[in-house]
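First the proteins, then the strands, lettered A, B, ... as listed; each starts at 1.
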2 protein chains.
Amino acid sequence: MLTAVASNPDSTTLADRVFAQIRRAIVEGEIAPGCKLSEPVLAERFTVSRGPLREALRRLEAIHLIERKANVGARVVSLSGVQLVELYQIRETLEGLAARLAAEAMTDTAVAELQSLLAEHRASVARDQWQAYFQTEGDWDFHYRIVHGSGNQRLIAILCDDLYHLARLYRCQFGMKSERATAALKEHGLIVDAIAERDGELAEWLMRRHIRASRRHAEQRIAHHPIQPTMRPVP
Amino acid sequence: MLTAVASNPDSTTLADRVFAQIRRAIVEGEIAPGCKLSEPVLAERFTVSRGPLREALRRLEAIHLIERKANVGARVVSLSGVQLVELYQIRETLEGLAARLAAEAMTDTAVAELQSLLAEHRASVARDQWQAYFQTEGDWDFHYRIVHGSGNQRLIAILCDDLYHLARLYRCQFGMKSERATAALKEHGLIVDAIAERDGELAEWLMRRHIRASRRHAEQRIAHHPIQPTMRPVP
DNA sequence: AGAGCCAAAATTGTCGACAATCTAGCTTGC
DNA sequence: GCAAGCTAGATTGTCGACAATTTTGGCTCT
């Protein structure tokens with residue numbers, strides 16, 4: 001669902017694969033935030049020339065996962081609390097829009113699939129409440145579906161190709177366990193219901209409240225676990 | 001105000017300059033929508049190697065001004081009516097947010113500057129009502145200021161670095177004259193007033209209505225002047 | 001004559017080497 | 001002893017050439 005391109009040996013270009021690999025490494029915390037990305041060492045690590053590697057870095061910069069300065073180099077973005085709040089503000093607005101559009105535009109079969117996905121998540125949470133990883137992944141799945149359901153291609157691009165990668169990085173960075181999983185699941189249920197009833201206005205309002213709650217949770221967590229400007233080198 | 005980098009011979013990298021030049025050429029309609037961008041001819045036209053040129057193309061792709069397919073090449077985005085509507089939907093949401101945040105976060109001096117900018121625009125419109133170009137440029141100036149006034153760095157990046165270039169391209173493409181200039185100016189005045197009174201809720205509502213009106217205007221125009229899939233070669 | 005296939009040309013992707021720039025460590029002077 | 005300037009090393013930016021893929025033109029076959 002992400003960008004299924006990885007590990008296909010010849011269907012894409014080298015730069016595509018390197019891009020996907022580094023992105024995964026960054027988003028999953030394998031390469032630490034603030035870490036410098038040296039072109040020679042990455043080129044050797046992925047056994048490619050600096051050409052495709054530079055293209056990959058440029059694309060990582062485009063989705064704001066790394067920052068580059070001319071003649072200096074690239075670093076993984078370092079995450080601050082205010083940037084997290086900024087991200088949540090935008091997500092609240094855009095995903096609210098997505099929910100409203102989805103309620104108006106999603107096909108009946110897509111709604112049914114969304115409902116079954118939700119049922120799966122419910123079962124999964126009931127089964128193994130401890131498995132935080134798959135719960136957060138399920139959360140992403142849910143949001144991805146809604147956004148795609150909106151049908152607005154540019155909205156899909158902004159959220160799924162740019163902001164979600166950053167949001168995932170933040171979650172990994174601040175170690176967001178899913179204490180909120182059961183509450184989030186309940187909120188998801190309400191949103192799906194609103195979409196199923198084609199009530200766009202309600203779906204938007206519920207989605208905005210859902211993300212606002214998630215933001216509050218994150219803010220609280222940061223307050224206890226204050227900003228740690230990680231700058232450790234690449235493992 | 002755009003990205004003042006052009007024509008500075010050595011302060012930036014080659015790729016930066018080529019990027020800015022091609023972007024300007026595309027946004028101002030010098031290179032037609034749908035037109036193919038051949039790397040060799042562009043490299044010769046700007047007297048650079050294909051290396052920096054490819055970087056520029058990649059950055060143009062990142063802001064969605066061109067589309068690339070592997071082993072095929074790059075084309076300037078072709079504009080459809082539905083994409084225009086998609087863009088307006090997102091702008092309505094995001095700029096509404098920007099207006100609300102600006103009302104809460106802008107400094108008093110920034111508000112004063114915004115008011116004087118508005119006065120300038122009023123004078124300009126009263127003086128030479130025919131000069132459509134500067135009016136639309138003034139319109140962009142206004143929106144740029146509000147967005148920057150929000151203080152949300154990511155919001156600024158999404159709107160000013162990505163969506164606005166596309167929107168400008170659309171305006172050039174569909175030849176949006178400013179019959180709406182005087183109405184738009186009146187709406188701008190209300191928004192500035194709301195911001196000056198620190199009424200974020202009202203500012204958001206007014207901004208959304210302003211963009212909605214602009215969208216309706218564009219839709220009407222497209223209806224009379226239906227989609228012309230331009231595909232003429234580079235001049 | 002039209003459709004399908006093959007080959008050549010052009011274009012894109014990739015690579016290695018060179019030049020310009022920045023960083024770090026050392027020397028030198030106060 | 002500390003700060004400023006300089007030199008050496010490493011890193012990034014740029015270039016030209018080669019390899020792989022796509023496209024186009026012509027040819028053959030039905």
What is the distance, to the nearest angstrom, from the [atom1] atom on [X] to the [atom2] atom on [N]?
X       : N      : atom1 : atom2 : value
B/Leu14 : D/dC15 : CG    : C1'   : 11 Å
B/Glu44 : C/dA10 : CD    : P     : 15 Å
A/Phe19 : C/dT14 : CZ    : P     : 14 Å
A/Arg68 : C/dT21 : CZ    : C1'   : 14 Å
B/Glu39 : C/dT14 : CD    : C1'   : 12 Å
B/Asp16 : D/dT12 : CG    : C1'   : 13 Å
B/Lys69 : C/dG13 : NZ    : P     : 12 Å

- Message: Quick check for you: to the nearest 0.5 Å, what is the distance between A/Ile195 atom CD1 and A/Arg145 atom CZ?
- Response: 12.0 Å
- Message: How long is the straight-line distance from CG of A/Leu65 back to CZ of A/Phe19, given to the nearest 0.5 Å?
- Response: 7.5 Å
- Which nucleotide in the list C/dG13, D/dT23, D/dC15 gets nearest to the side chain of B/Val72? D/dT23
- Consider the side chain of A/Ser38, meaning its heavy atoms from C-beta on, and name the nucleotide among C/dT12, D/dG13, D/dT12 that approaches it most closely. D/dT12
Output yes when [X] and [Y] qualify as a salt bridge under the 4.0 Å nitrogen-oxygen rule, no when they do not.
X        : Y        : value
A/Arg215 : A/Glu95  : no
A/Arg208 : A/Glu92  : yes
B/Glu219 : B/Arg212 : no
A/Glu137 : A/Arg168 : yes

- Query: Mapping A/Ala15 and A/Ala70 to their closest nucleotides on DNA chain C, which lands nearer the 5' end?
  - Reply: A/Ala15
- Query: Closest nucleotide of DNA chain C for A/Asn71 versus for B/Gly73: which of these residues is on the 5' side?
  - Reply: B/Gly73
- Message: Expected output is a numbered-order residue list: members of residues 49-58 of chain A with a heavy atom under 4.0 Å from any atom of DNA chain D. What is it?
- Response: A/Arg50, A/Arg54
- Partners meeting salt bridge (Lys or Arg N to Asp or Glu O under 4.0 Å) with A/Glu44 (sequence neighbours left out): none
- C/dT12 OP1/OP2 closer than 4.0 Å to side-chain N/O of B/Lys36: yes
